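This report concerns only the one structure given below.
All values reported here derive from a predicted model rather than from experimental measurement. Convention: sequence-line order gives letters A, B, ...; per-chain numbering from 1.
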There are 2 protein chains.
Amino acid sequence: MRRMTARPANAHQARLLRLLRDGGPSSRAQLGDQVDLSRSKLAVEVDRLLETELVVADGLAASRGGRRSHNIRLNPHLRFLGVDIGATSVDVAVTNAELEILGHINQPMDVREGPVAVFEQVLSMAAKLKASGLAEGFDGAGIGVPGPVRFPEGIPVAPPIMPGWDGFPVREALSQDLGCPVMVDNDVNLMAMGEQHAGVARTVGDFLCVKIGTGIGCGIVVGGEVYRGTTGSAGDIGHIQAVPDGRPCACGNRGCLEAHFSGAALARDATEAAQQQLSAELASRLESNGTLSAVDVAAAAAAGDATALDLIREGGNRTGQVIAGLVSFFNPGLVVIGGGVTGLGHTLLAAIRTQVYRGSLPLATGNLPIVLGELGPTAGVIGGARLISDHLFSPA
Amino acid sequence: MRRMTARPANAHQARLLRLLRDGGPSSRAQLGDQVDLSRSKLAVEVDRLLETELVVADGLAASRGGRRSHNIRLNPHLRFLGVDIGATSVDVAVTNAELEILGHINQPMDVREGPVAVFEQVLSMAAKLKASGLAEGFDGAGIGVPGPVRFPEGIPVAPPIMPGWDGFPVREALSQDLGCPVMVDNDVNLMAMGEQHAGVARTVGDFLCVKIGTGIGCGIVVGGEVYRGTTGSAGDIGHIQAVPDGRPCACGNRGCLEAHFSGAALARDATEAAQQQLSAELASRLESNGTLSAVDVAAAAAAGDATALDLIREGGNRTGQVIAGLVSFFNPGLVVIGGGVTGLGHTLLAAIRTQVYRGSLPLATGNLPIVLGELGPTAGVIGGARLISDHLFSPA
DNA sequence: CACCCTTTGTCCTGTGAGTGGAAAAAGTAG
DNA sequence: CTACTTTTTCCACTCACAGGACAAAGGGTG
């Protein structure tokens with residue numbers, strides 16, 4: 001099948017496409033209930049969408065008491081690619097136009113190898129998904145990278161953990177290689193969009209999405225839209241000072257949140273504790289694995305190891321203090337915690353909640369849920385699909 | 001003259017009214033250059049606005065090389081009232097429809113006397129402005145109060161420094177008394193709107209406006225619009241922890257920014273220093289006045305008093321650290337410092353800048369101006385006029 | 001002053017978007 | 001089969017708006 005190239009011709013069509021994306025197949029009548037257009041106008045626009053093959057007829061809907069309606073759905077052959085590039089691994093997934101994941105691959109990887117090597121791997125993963133029959137091609141791709149991005153151009157800017165990526169034209173290069181439109185954003189923003197589309201944040205307009213992985217970042221959603229800041233670095237909370245005169249950080253300052261709690265910091269602290277024989281559990285894991293990671297700490301904590309629990313609590317407290325400040329400032333309707341360390345589970349969440357509920361005023365915290373993300377490792381790729389679909393489902 | 005009751009009938013008219021407000025009297029041709037409407041359509045809408053008397057003809061414009069155009073301006077009889085209620089004083093001003101201040105009164109006051117007493121005073125101040133011939137009545141009023149507001153209803157919610165105001169229907173009550181539409185907002189948001197309209201932030205879409213007065217607050221502007229948060233308490237940065245285990249704060253926590261630096265904290269610290277004879281300058285001022293305020297500290301600092309300078313630097317450092325965190329998080333295009341303590345001037349600003357430029361990453365600070373507000377005590381009242389004019393100059 | 005060019009304001013008509021009513025088509029309930 | 005719903009199509013009508021033609025009003029030049 002040839003790829004879709006059509007785009008909605010006006011705001012009405014864009015609106016309809018998004019309704020079909022978010023609500024699944026619907027009848028014309030159901031659509032009419034949601035858009036405030038006359039029946040005639042609606043019929044015209046739907047017919048035009050059918051002509052472009054962006055949507056297709058899909059059998060009869062159930063009766064609502066009278067004549068049965070013809071269902072409409074987004075073209076089931078549409079395929080989006082979601083790519084979530086982390087510091088040490090990459091996720092690639094294919095979705096249909098309703099952003100349901102049809103196939104998902106995760107592979108270890110090192111961003112420091114540079115954009116050329118990484119995209120070679122990404123392309124081969126995409127090819128693998130194609131080969132398994134999930135897609136014949138892609139209609140669009142959304143890419144997340146672990147650093148700030150000049151959003152309109154899709155170019156990383158001064159990313160601290162991605163030397164060699166600065167200024168690399170990710171959007172243009174991938175668009176060439178994949179032969180479809182591409183959008184690039186910070187991985188944290190993608191996670192926020194994922195949780196907004198299919199996760200815990202479906203009903204909230206203003207929320208924060210804190211991702212704790214190798215580093216720490218925060219997606220900011222204002223009125224349903226991701227806020228990226230003046231230079232694309234909004235949400236970069238890893239280098240907020242959490243501990244006065246604390247540990248030295250790679251950025252040159254001391255006491256950055258990221259230096260005290262993150263996947264990397266946790267691994268380092270756990271290794272230290274194991275070497276000092278503070279924890280038999282961690283020491284034995286270090287011996288058998290050679291190294292320790294956040295996963296080991298999580299396992300040790302689950303086994304009841306006091307040192308591991310302390311590390312998590314301590315980190316959660318630091319993180320919670322910073323989040324408390326952000327909550328006072330931003331007054332969100334929801335705080336989502338996600339990323340690799342969510343495996344630390346309730347211990348971490350409890351520590352964060354304690355600090356936020358204690359450190360912010362009741363008016364801001366009174367009705368503020370602080371929850372773990374629902375989507376785990378799929379949040380990023382769903383967010384990627386969402387990003388590109390938002391782009392494609394807007395007037396040309 | 002009877003008050004204006006008309007409102008723009010559509011988005012085009014609203015757009016034109018705002019252009020006339022922000023750009024002053026213009027010719028039809030100049031308006032046409034800015035709005036992308038056909039000449040015919042523009043003429044129709046302008047004629048309708050003339051019919052409603054929202055705008056009036058205003059002589060001939062200078063020639064641009066051909067036939068001279070007729071000037072159009074907002075009705076010069078329109079009057080807006082801007083009210084900025086602080087903790088210890090209140091500002092009331094009348095503006096014309098272009099938001100130019102025609103008259104401005106400041107009086108000492110105590111918010112703790114409650115809404116009834118305060119509004120009695122405000123109404124008498126408004127009456128005084130009327131009596132001086134500046135206005136025959138008001139077409140709208142924008143009110144700023146020093147605490148969080150449920151914006152759509154214009155009702156303060158749980159304001160810490162305004163006991164007795166919680167739940168008081170400010171908007172409705174004042175609308176009755178003044179006989180015109182009223183909008184109510186946090187005083188900090190009003191200051192931000194003022195600086196955006198007529199001050200340093202005219203060209204910036206995303207910025208922060210930090211107001212340091214009796215307390216500390218921060219106006220947040222996203223894409224040109226004030227962001228108020230889920231419960232209207234966004235920007236409440238006074239109770240972010242600035243010093244671990246620091247001074248006890250009225251809110252029950254320790255180390256809040258507001259407990260370490262604000263008009264109130266500064267007065268307290270200065271008094272303490274004077275009593276301990278750390279500063280002859282401050283001590284002599286304490287003796288002659290009976291009390292010390294931020295103004296005394298400013299004067300002492302200007303006279304070169306080391307203790308006063310230290311107090312300011314110390315406070316500026318604390319504030320700067322908190323702002324550094326907000327800059328990392330929000331990545332604004334500008335930070336404006338305003339409020340009562342701007343009298344502390346360059347010493348304060350230098351301390352804040354040092355902390356922000358050191359404590360945030362270069363990508364966020366690289367092109368980030370940190371400046372004092374331009375409008376001083378008029379920012380709030382101009383913001384109030386702007387608030388209500390935005391409301392009135394939008395489609396009914 | 002005559003002449004030409006530019007800008008501004010007005011008038012008028014064509015076009016296309018959109019509305020809402022009528023009626024046909026396709027059901028359900030009894 | 002009949003009465004009532006809901007869905008869909010068709011059509012005439014309204015309205016916003018663009019854009020051209022033209023008149024009015026100015027400036028510059030010889």
Side-chain angles (χ1 to χ4, degrees), chain A residues 6-20 23-74 394-396, chain B residues 6-20 23-74 394-396:
Chain A
R7 291 275 292 275
N10 58 43
H12 296 311
Q13 292 185 14
R15 178 87 201 282
L16 292 173
L17 290 174
R18 289 177 193 215
L19 283 173
L20 288 171
S26 317
S27 68
R28 286 158 131 94
Q30 280 175 306
L31 291 173
D33 293 343
Q34 300 174 74
V35 291
D36 194 44
L37 284 176
S38 66
R39 294 180 310 271
S40 1
K41 178 64 178 162
L42 178 67
V44 169
E45 297 298 356
V46 170
D47 285 345
R48 287 186 190 157
L49 286 175
L50 284 166
E51 267 174 43
T52 65
E53 294 187 50
L54 279 168
V55 307
V56 299
D58 185 42
L60 290 171
S63 168
R64 295 200 296 184
R67 173 174 173 176
R68 294 174 65 192
S69 176
H70 291 273
N71 260 344
I72 300 295
R73 65 173 302 176
L74 289 167
S394 61
Chain B
R7 290 276 293 276
N10 57 44
H12 296 311
Q13 293 185 15
R15 179 85 201 283
L16 292 172
L17 290 174
R18 290 178 192 216
L19 283 173
L20 289 171
S26 317
S27 68
R28 286 159 130 94
Q30 280 177 304
L31 291 174
D33 293 343
Q34 300 174 73
V35 292
D36 193 44
L37 284 177
S38 65
R39 277 173 313 179
S40 10
K41 177 65 178 161
L42 178 67
V44 170
E45 297 299 353
V46 170
D47 285 345
R48 287 187 191 154
L49 285 175
L50 284 166
E51 267 175 44
T52 64
E53 293 186 49
L54 277 168
V55 307
V56 299
D58 186 41
L60 289 171
S63 166
R64 297 200 296 184
R67 174 175 173 176
R68 293 174 66 192
S69 178
H70 291 273
N71 260 344
I72 300 296
R73 65 175 303 180
L74 289 167
S394 60

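D:dC10 atom P lies 9 Å from atom CG of A:D47, rounded to whole Å. With rounding to whole Å, B:L60 atom CG is found 12 Å from C:dT8 atom P. The distance from atom NE2 of A:H12 to atom C1' of C:dT19 is 12 Å, rounded to the nearest whole Å. Rounded to whole Å, the distance from CZ on A:R48 to C1' on C:dA17 is 9 Å. Counting to the nearest Å, the C1' atom of C:dG16 and the CG atom of A:N10 are 13 Å from each other. The separation between A:D36 atom CG and C:dG20 atom C1' is 14 Å, rounded to whole Å. Here the P atom of nucleotide D:dT9 and the CG atom of A:L42 are 10 Å apart, to the nearest Å. Nucleotide C:dG27 holds its P atom 14 Å from the CG atom of A:N71, rounded to whole Å.
A side chain to side chain contact (heavy atoms under 4.5 Å, CB included) with A:L49 is found for exactly one of A:I72, A:L17, A:L74, A:L20, namely A:L17.
Listed by residue number, the members of residues 26-35 of chain A with any heavy atom below 4.0 angstrom from DNA chain C form an empty set.
The shortest distance between side-chain heavy atoms of B:R28 and B:R39 does not fall below 4.5 Å. Side-chain contact between B:P25 and B:D58 is present, with heavy atoms from C-beta onward closer than 4.5 Å. Residues A:Q13 and A:V46 fail the side-chain proximity criterion, which asks for heavy atoms closer than 4.5 Å. With a 4.5 Å cut-off on side-chain heavy atoms, A:H12 and A:L37 count as touching. Between B:V35 and B:R15 the shortest side-chain heavy-atom distance falls below 4.5 Å.
In the set D:dT6, D:dT9, C:dG9, the nucleotide with an atom closest to the side chain of A:A43 is D:dT9. The side chain of B:S40 approaches D:dG19 more closely than any other nucleotide in the set D:dA25, C:dT19, D:dG19. Between D:dT9, C:dT7, C:dT10, one nucleotide has an atom nearer to the side chain of A:R39 than all others, and that is D:dT9. When distances run from any side-chain atom of A:R67 to the nucleotides C:dG21, C:dG9, C:dA25, the shortest one goes to C:dA25.
Here A:R48 does not pair with A:E51 in a salt bridge; the nearest charged N to carboxylate O distance is not below 4.0 Å.
One finds a side-chain N or O of B:S38 lying less than 4.0 angstrom from the OP1 or OP2 phosphate oxygen of D:dA18. Side-chain nitrogen and oxygen atoms of A:S69 include at least one within less than 4.0 Å of the OP1 or OP2 phosphate oxygen of D:dT8.
Between A:R68 and A:E45, the residue anchored closer to the 5' end of DNA chain C is A:E45, taking for each the nucleotide with the nearest heavy atom.
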